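As C-alpha cells, the structure follows; a few thoughts come after it.
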Protein chains: 2
Amino acid sequence: MSKSVNQTKASIVKAAISLFAVQGFGSTSIREIADTAKVNSALVSYHFKNKQGILEWMMIDYFEKLFTKLQPVTQGGEEQEESCFQQLIDSLDTLIGYQAENMEVSAIILRELSVDSMLVREVMSTYMARLKAHFATLLETGMERGEFDCDLDVEMQLIHMMGGMFFPYSNPQIMRELFYVEPMSPEYRQRYIGFLSKVWGYKLKNDEF
Amino acid sequence: MSKSVNQTKASIVKAAISLFAVQGFGSTSIREIADTAKVNSALVSYHFKNKQGILEWMMIDYFEKLFTKLQPVTQGGEEQEESCFQQLIDSLDTLIGYQAENMEVSAIILRELSVDSMLVREVMSTYMARLKAHFATLLETGMERGEFDCDLDVEMQLIHMMGGMFFPYSNPQIMRELFYVEPMSPEYRQRYIGFLSKVWGYKLKNDEF
DNA sequence: GTCTATATATTGATAGAC
DNA sequence: GTCTATCAATATATAGAC
C-alpha cells in the first residue's frame, strides 16, 4: 500500500504553487518548478502531462476541498434551524477562512480565472457556478422568509458580496501595502465578518431594528 | 512636427493589450505581439526596451489618464459645495466608467498587480496609494461632517468598496458567464451605481431616514 | 516511478545595413 | 525608425534505459 498522494507529485505541486503565486503561471517554466521541487524535470510531464496539468490539478483539489467545508443550505420548512442570515455569515466565514488558509492557491486561481482557456471555462461552469448558486440560494430563501431587505437588487448584492470576498485574496499585495492588513490572519477574518454582520444588520427587515 | 505618439508604438501597445488580456503577460511573446501588430519584432525592443516596458507604458498611461478624470476632493469649509456622499458617488461612477471604457487594460493591470515585481511595487506605492487616498479622504471628511455612519470600520469600508469596484473589471469573465451581465455596458455602470447609492443610503446618519 | 539524453521549437535581445 | 539576420538561452516534450 503506497501513499495516497505520491511524494514527488506533492512536491511538484508545492513548488508550482510558490512559483505561480509570485511570478504567474505563464512566466514559470517546468524546469523552474522541477528545480524548486528538487525533482527531475521529466517527472512533471509524467505526473501532470504538462504545465497546465499542474494548474488543473491545483484548481480541482482546491474547489473539491472547499465544497467539503461549505455546509449545504438548509432549506427545510420548520423551526429551530439556523436563520438564513446566520447561514450566510457562516458560509462567508468558511470561504474567507479557506482562502486565508490557502492564500497562494486562492490568488493563483483568481488570477488565472481572468485568462481565457478551456480549463478556465470548465472551472467556471462547474465550481464557480456551484459557488454562486450556494450564495444565491441563501440570499433568495432569506428574502422569501423576510429576513433580508427585498428592495435591493439580488444579483448586484451577489456581485458585490463576491467582490468583497475575493478581492483581498486576489490581491493580497494591495491589502498589505495599501491597507496594512494581512488577509491571511485570523484577525482579518474576524474583522471582516464583523464588518459584514454590521453592514447587513442595517439591511435586515424592520423588526431587527 | 511628428505625431505625438508614434504609429508603430501605438499599434504595438494595441496588440499587446489584446494579447495580454486573453492569455496573460507571461504567456505572451514579443514576436507574437509584433506579428499581431504587423510590425517587425525588433521594433518592440527599440520602442519599449523589452516586454515589461510595454506593460510599464500601459500602466502609467492608464493611471495618468484616470487621475485626469477623477475630480479632486473639495474639502473647503463652506456651503453650496457638493456633499461628500455625492462626491463619493461621482468618483465611483468615474472610476467604474473609466474601467468600463478600458476593460482590457483594467483586467491586465489588476491581474498583473497580483504578481511580485519592482514595477508592481512602484505602481502600488504611487498610483494605487493615490487612489486609496482619494476615497479615504472622501469617506473621512464625510464622517467628520456627519454625512456617514461613524460606527463602521473605515478601512474595512474602503476595502469592501474597492473590492466591489475592481472585481467586475478584474474578472469580467465571471460577470459574463456567471451573472450574465456585461460590465462594459453603460447599463451595468448605472445599475451598480444605483445599487451603491441605495446601500449607502441606509448607512447615512439618522436624519436621512 | 525515476532517470539521462536529446530533439525540436521558441524565447528575448542585439548588431549592423538601410 | 525600420529592417534582416542571427545568437545564445531557454522552452516543452519524449524516447528509452534502469
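Chain naming here is simple, since letters A, B, ... match the order of the sequence lines and numbering starts at 1 in each. Given the structure is predicted, the values throughout are model-derived calculations rather than measurements.
In this structure, CD1 of A/I33 is placed 11 Å from P of D/dA13, rounded to the nearest angstrom. Atom NZ of B/K51 is separated from atom P of D/dA11 by 12 Å (rounded to the nearest Å). Protein atom CZ of A/F25 is 14 Å distant from nucleotide atom P of D/dA11, rounded to whole Å. Note: CD (B/E32) to P (C/dT10) measures 11 Å, nearest angstrom. Atom CD1 of B/I30 is separated from atom P of C/dG12 by 5 Å (rounded to the nearest Å). Here the P atom of nucleotide C/dC3 and the CD1 atom of A/I12 are 10 Å apart, to the nearest Å.
Within residues 38-50 of chain B, the residues approached by DNA chain C to less than 4.0 Å at the level of any non-hydrogen atom are B/A42, B/S45, B/N50, in residue-number order.
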Given B/V22 and A/V115, is the side chain to side chain contact (heavy atoms under 4.5 Å, CB included) satisfied, shown in steps? CA-CA 5 Å; B/V22 302; A/V115 307; over 6 Å; no
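The aromatic ring centres of B/F20 and B/F25 sit less than 6.0 Å apart. Proximity of the aromatic rings of B/Y98 and B/Y62 is defined here by a centroid distance below 6.0 angstrom, and this criterion is met.
At distances below 3.5 Å, at least one donor-acceptor pair connects side-chain atoms of A/E147 with backbone N or O atoms of A/F85. Judged purely by atom type and a 3.5 angstrom limit, A/K51 has no side-chain atom pairing as donor or acceptor with the backbone of A/I30.
The local environment of CD in B/Q190 is sparse, with at most 12 non-hydrogen atoms from other residues, nucleotides or ligands closer than 6.0 Å.
At the heavy-atom level, B/T28 lies under 4.0 Å from the strands shown only through sugar-phosphate atoms.
The listed nucleotides are C/dG1, C/dA13, D/dA13; the one nearest the side chain of A/N6 is C/dG1.
Comparing B/T8 and B/R31, the nucleotide of DNA chain D nearest to each residue sits closer to the 5' end for B/T8.
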